[in-house]
Amino acid sequence: MSVLLKTYKIDKLKEYLEDLNTKNGNKGCILCSEEGLVVISTKNGNNELDFDSLAAMGATLLSIMNDQIFLDVIISYENKKVFIRKIDGEICNFIFINIFETNKRYFRRDVNKTIKKISKLLTLS
């Protein structure tokens, strides 16, 4: 299924991800399709994150779980945590992935604000 997002919405999506990356401890953000293809990504600094692999992993995890029990998935590894959530929109659905340092506190507050902004852009109006 092809979806066309208006240019200003794509610019806003990127802006929201970049704003989240400016928060202390964030390493990167990804918006990907339900199939795991990266749509928009932003990195904070010169970190060696493989966004394509993370997007594929996130899509696979969410499809295996089939939206049954969990709203969020958080995975810890190598001084990082990966937060994954599916965003359902009227226009299309995305998978949101945020990578941050393991010692970052109160990350959900910033993530939830960003996800709300992204959800508003995925409406038909």
**Q** Leu49 and Lys43: which non-hydrogen atoms are nearest, and at how many Å?
**A**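 What the structure gives for the nearest pair is O-NZ, 3.1 Å.
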
**Q** What verdict does the side chain to side chain contact (heavy atoms under 4.5 Å, CB included) test give for Asn26 and Phe107, after you've listed the backbone C-alpha separation in whole Å, the side-chain angles of each residue and the deciding distance to 0.1 Å?
**A** CA-CA 9 Å; Asn26 275 336; Phe107 72 91; 5.8 Å; no

**Q** Check whether any side-chain heavy atom of Phe100 sits under 4.5 Å from a side-chain heavy atom of Val111, and report yes or no.
**A**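 In short, these two side chains do not touch, never coming nearer than 4.5 Å.
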
**Q** Go through the steps to decide whether Arg108 and Asp72 satisfy the test salt bridge (Lys or Arg N to Asp or Glu O under 4.0 Å), and finish with yes or no.
**A** CA-CA 10 Å; Arg108 279 187 199 263; Asp72 303 331; 2.4 Å; yes

**Q** If you round to the nearest 0.5 Å, how far is SG of Cys32 from CG of Leu62?
**A**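 Nearest 0.5 Å value for the CG-SG distance: 8.5 Å.
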
**Q** Could you go through the side chain to side chain contact (heavy atoms under 4.5 Å, CB included) check for Ile97 and Phe51 one step at a time?
**A** CA-CA 9 Å; Ile97 301 173; Phe51 282 169; over 6 Å; no

**Q** Testing Asn98, Ile74, Val73 for side-chain contact (heavy atoms from CB on, under 4.5 Å) with Ile84, which one passes?
**A**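 Exactly one candidate clears the test, Val73.
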
**Q** If hydrophobic clusters are built from ILVMFWY residues whose side chains come within less than 4.5 Å, do Leu37 and Leu122 share one?
**A**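 Leu37 and Leu122: separate clusters.
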
**Q** Side chain to side chain contact (heavy atoms under 4.5 Å, CB included) for Ile40 and Ile10? Distances and angles first, verdict last.
**A** CA-CA 8 Å; Ile40 299 173; Ile10 293 170; 4.2 Å; yes

**Q** Between Glu18 and Thr22, is any pair of side-chain heavy atoms under 4.5 Å apart?
**A**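 Answer no - side chains too far apart.
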
**Q** Kindly compute the distance separating CG (Leu121) from CG (Leu13), expressed to the nearest 0.5 Å.
**A**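 The distance works out to 5.0 Å.
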
**Q** So which of Asn21, Asp19, Leu20 actually passes side-chain contact (heavy atoms from CB on, under 4.5 Å) with Thr42?
**A**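 So the option named by the test is Asn21.
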
**Q** To the nearest 0.5 Å, how far apart are CD in Glu15 and OG1 in Thr114?
**A**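 Output value for this atom pair is 11.0 Å.
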
**Q** Taking all atoms of both residues into account, what is the closest heavy-atom pair of Lys14 and Ser41, and its distance?
**A**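 That would be NZ-O, 3.3 Å.
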
**Q** Could you pull out all residues at least two apart from Ser119 that satisfy side-chain contact (heavy atoms from CB on, under 4.5 Å)?
**A**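 Ile87, Ile115.
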
**Q** Return the minimal non-hydrogen interatomic distance between Gly36 and Ala55, and the atom names on each side.
**A**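 Here Gly36 and Ala55 meet closest at O-CB, 3.3 Å.
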
**Q** Is it the case that atom NZ in Lys80 sees more than 12 heavy atoms from other parts of the structure closer than 6.0 Å?
**A**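 More than 12 heavy atoms, drawn from other residues, nucleotides or ligands, come within 6.0 Å of this atom.
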
**Q** One pair to check against side chain to side chain contact (heavy atoms under 4.5 Å, CB included): Asn44 and Ile99. What are the steps and the verdict?
**A** CA-CA 10 Å; Asn44 191 4; Ile99 303 95; over 6 Å; no

**Q** Does Lys23 have more than 12 heavy atoms from other residues, nucleotides or ligands lying within 6.0 Å of its NZ?
**A**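 Not buried by this count: 12 neighbours or fewer within 6.0 Å.
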
**Q** So how far is it from Lys86 NZ to Phe94 CZ, rounded to the nearest 0.5 Å?
**A**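 Going from the NZ atom of Lys86 to the CZ atom of Phe94 covers 12.5 Å.
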
